[in-house]
Amino acid sequence: MADTAAPDPARRVAELRERIENANHRYHVLDDPDIPDIEYDRLMRELESLEAEHPQLADPDSPTRRIGASPSRTFAEVRHEIPMLSLGNAFSDDEVRDFERRIEERLELRDPMFSVEPKFDGLAISLRYEDGAFVRGATRGDGASGEEVTANLRVVKSVPLRLRGTDWPRVLEVRGEIYMPRAAFERYNAQARDQGGKVLANPRNGAAGSLRQLDPRVTAARPLAFFAYALGVVEGSAMPDTHSATLARLRDWGFPVSNLVETARGVDGCLDYYRRIGERRDTLPFDIDGVVYKLDDLAGQRELGFVGRTPRWAIAHKFPAQEQATRLLAIDINIGRTGAATPTARLEPVQVGGVVVTNATLHNADQVARLDVRIDDTVIVRRAGDVIPEVVRVVPEHRPPTSVPWQMPSHCPVCGSELVREAGEVVWRCSGELVCPAQRKEAVFHFAARRAMDIEGLGERLIEDLCDLDFVRSVADLYALSLDDFVEMKRRADARDGTTPETAKAGKVATKWAENLVDAIERSRATTLERFLYALGIEHVGESTAKALATWFGALERIRHLPWPLLKLVPDIGGEVARSIGHFFEQAGNQQVIDDLLARGVRLGDEHAVSVKLAKVLTLGNVLENIEIPKLTHKRAQQLAEAFSDAHALAAASHEQLVGAGLPADTAAAMIAWREDPANARLLMDSIEALNRFREMLQDAGTAASAPAPLDGQTVVLTGTLVALTREEAKAKLEALGAKVAGSVSKKTRFVVAGSEAGSKLDKARELGVEVWDEQRLLAFLDAPE
DNA sequence: ATGCCTCGAGTTCA
DNA sequence: CTCGAGGCAT
């Protein structure tokens, strides 16, 4: 059979490629091999040697290339022109019935046909074909954009490199699931164990991890497979009008489509399918976590549309979350940044849904009481729909007779300070504040976080060591650390742990990590007021509040010594938040830390003048109202402010003068009595001084200040997927024009920008009669704001 | 007082 | 991501 003459290498190469791809298709897609492995290997070797002899015949789509190209540095981002969906979940028959009833009502029909399929437990991807050739593959990512993993997908044998047949569209995107068959997973792990390699936790993580390999040759060694189940962009040719026919067409083109896919009529057909698949679940060659029902008729799908990012025409019917019984070994207390004491269950390690679970949060003392979880209990652990393990309940039969209800300890396990609970609050907190090492560590961790000071490389372990070995007592100490300090710290940590110092092994050159850290710390010195305020870790001050403080007051000095009741002048800052900020700045220790940070070179590059927005709310009446003088209502405060042109005169006014200004006698008396307290008198004076100071600044800054931003004070909402801009970019640009970008639509919303696949927010906007813009209009507006 | 809406805080594992 | 609670409008 061998053509020893080999007259035309090009023709032979083409022939070999075709035969090998056919064999691949029969083997990997149809699961029906037509030639023995030995024959396949022989063809492959022949092709390899021909390609080596005749480099001009090389082709990136040759089957020999499936073994993998050389490593790439990182993954590029790929935007999905048509976003990749997430599905709504149903956990009960009733939820499926609701789903079906909604479709029947909206489309006014009975018992529609559904395409029903297993829900593969793998990794969703999108494959792009142009003129029949595979050109790009990407992970689902967040649905709007994912990572470009073309090289890794090329080595997956059931991914066609070229489409079969001829009638395919010019551009075709096929969506589906990459998964690792169970047998292949077992085989891989057995081998890995033998060779002392890394064992994969479960097939799903195996698939996900394999695709994210930077080196496709590693991916090639992992046994991955693919199932197609949906379309993305299609250009240049008509497609069938049902989902099931679409899948059949994909099959013809060479895509693997699971043979468990069926059609079913109405809810009964769906539920029947669910049960049949459920029975077979354990014997299937791959993991599934439920089944998916999709309305088969594509016109009906279009009519139904989306709610948010999930389609109304499809739903995932999940199998019950996997539950496991295990022993609860202990309940530890975790102390967070704010001192919150969170009970955590330490569990006998147990496999739940494929991963080993050893910890599960118990949320708070009330939750522990509700479940009546006790040490040594046998508990049921579940990895609910998503990932995070939770304790569902106790198995009372297995409870040891001597067990006693668990109680929140009275003192912090870390620093020994008392644990206290505010009236009406659920959480217990460590009262140690600055002295509690746990809180200090968390504070440093928060400070260094990406969204705060963004000190790259300063992670949990390092912070732990720095704090434990006393190199860092406050965040300001970070800025006094030298290269030698880091090296010395590492030496002591190694000595403490009895580990062999890497520095000793490799000589003194192994300090690159320390150099990087010193650099990272240096870089973080240049920051913004907003990030700095957030980094301080003041309770109730997250990114959004930090930003508000920064824009309204413009400079740290104006905030850190402000009588805290005045913070309430800023919208969205109320009593609780203002008090918390005040409490923070009242502590000398915190002020010292800020002084140290500034002295050690932290620079707030964006400090600016007070916002003119303050002028509107900065009135004597508002100030009086916000410092909460007893009996002084909003109306009375405004009235009083009208009567006194000189704020200082008001602060010193006698009972008679107050009554003269129109205040009822008892209100005046209450104010005088309140003022007797030196602390209150002081607050009044300080507030008035701050008021006058800001007024002057506002005048100096010039009332001629810039015209108000076009969208000043207006709220806009983004929904759906934008094409030209990312959501972040759009948000930044709108904010630059003075807008506030909110997450949900209300009557106050000025307009909603709706990208493609816009969902419930768009519905809501229409319902409330809020103006809706498309992306074009937004772009035009950003280009030339009116 | 009541009911949205948004923001903050906390959490698991690879 | 989910829950709770703070802020604000009704």
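Order of the sequence lines sets the chain letters (A, B, ...), proteins ahead of strands, with each chain counted from 1.
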* Over how many whole Å does the gap from N364(A) atom CG to dG10(B) atom P extend? -> 12 Å

* Parallel under 30°, tilted from 30 to 60°, perpendicular over 60°: which one fits the rings of F286(A) and Y179(A)? -> perpendicular

* Starting from P on dA14(B), measure out to CE on M180(A) and report it in whole angstrom. => 16 Å

* Calculate the interatomic distance between Q439(A) atom CD and dA9(B) atom C1'; express it in whole Å. => 14 Å

* Measure the distance from CG on D366(A) to C1' on dA5(C) and round it to the nearest whole Å. => 15 Å

* F553(A) versus S611(A): any side-chain heavy-atom pair under 4.5 Å? -> no

* Structure fact -> Within residues 332-342 of chain A, those residues having any heavy atom closer than 4.0 Å to DNA chain B are R337(A), T338(A), A340(A), T342(A)

* Phosphate contact (dT11(B) OP1 or OP2) by N359(A) side-chain N/O below 4.0 Å -> no

* ring pair (Phe, Tyr, Trp, His ring centres under 6.0 Å) between F99(A) and H317(A), worked out -> CA-CA 10 Å; F99(A) 160 72; H317(A) 191 179; 9.9 Å; no

* Would you please confirm or rule out a distance under 4.0 Å between OP1 or OP2 of dC7(B) and any side-chain N or O of S544(A)? => yes

* **Rounded interatomic separation in angstrom, taking CG from L536(A) and P from dA9(B)** => 13 Å

* Asked: Quick one: is T361(A) getting a side-chain N or O under 4.0 Å of the dG10(B) phosphate, OP1 or OP2?
  -> no

* Check the distance between dG8(B)'s C1' and Y534(A)'s OH and give it to me in whole angstrom. => 9 Å

* More than 12 heavy atoms of other groups within 6.0 Å of Q587(A) CD -> yes

* **Residues, nucleotides or ligands: over 12 heavy atoms within 6.0 Å of K547(A) NZ** => no

* Using whole Å, report how far CG of L347(A) lies from P of dC13(B). => 9 Å

* DNA chain B: 5'-proximal contact among T358(A) and G542(A) (nearest heavy atom) -> G542(A)

* Of the listed nucleotides dC8(C), dC13(B), dG6(C), the one nearest the side chain of D572(A) -> dC8(C)

* What's the closest nucleotide to the P571(A) side chain, out of dC8(C), dG6(C), dT12(B)? -> dC8(C)

* **Side chains of L533(A) and L549(A) in contact at under 4.5 Å (non-hydrogen atoms)** => yes

* To do: Please state how far atom NE2 in H446(A) lies from atom P in dG10(B), giving the value in whole angstrom units.
  => 10 Å

* **side-chain contact (heavy atoms from CB on, under 4.5 Å), paired with T139(A), selected from V149(A), I178(A), N152(A)** => V149(A)

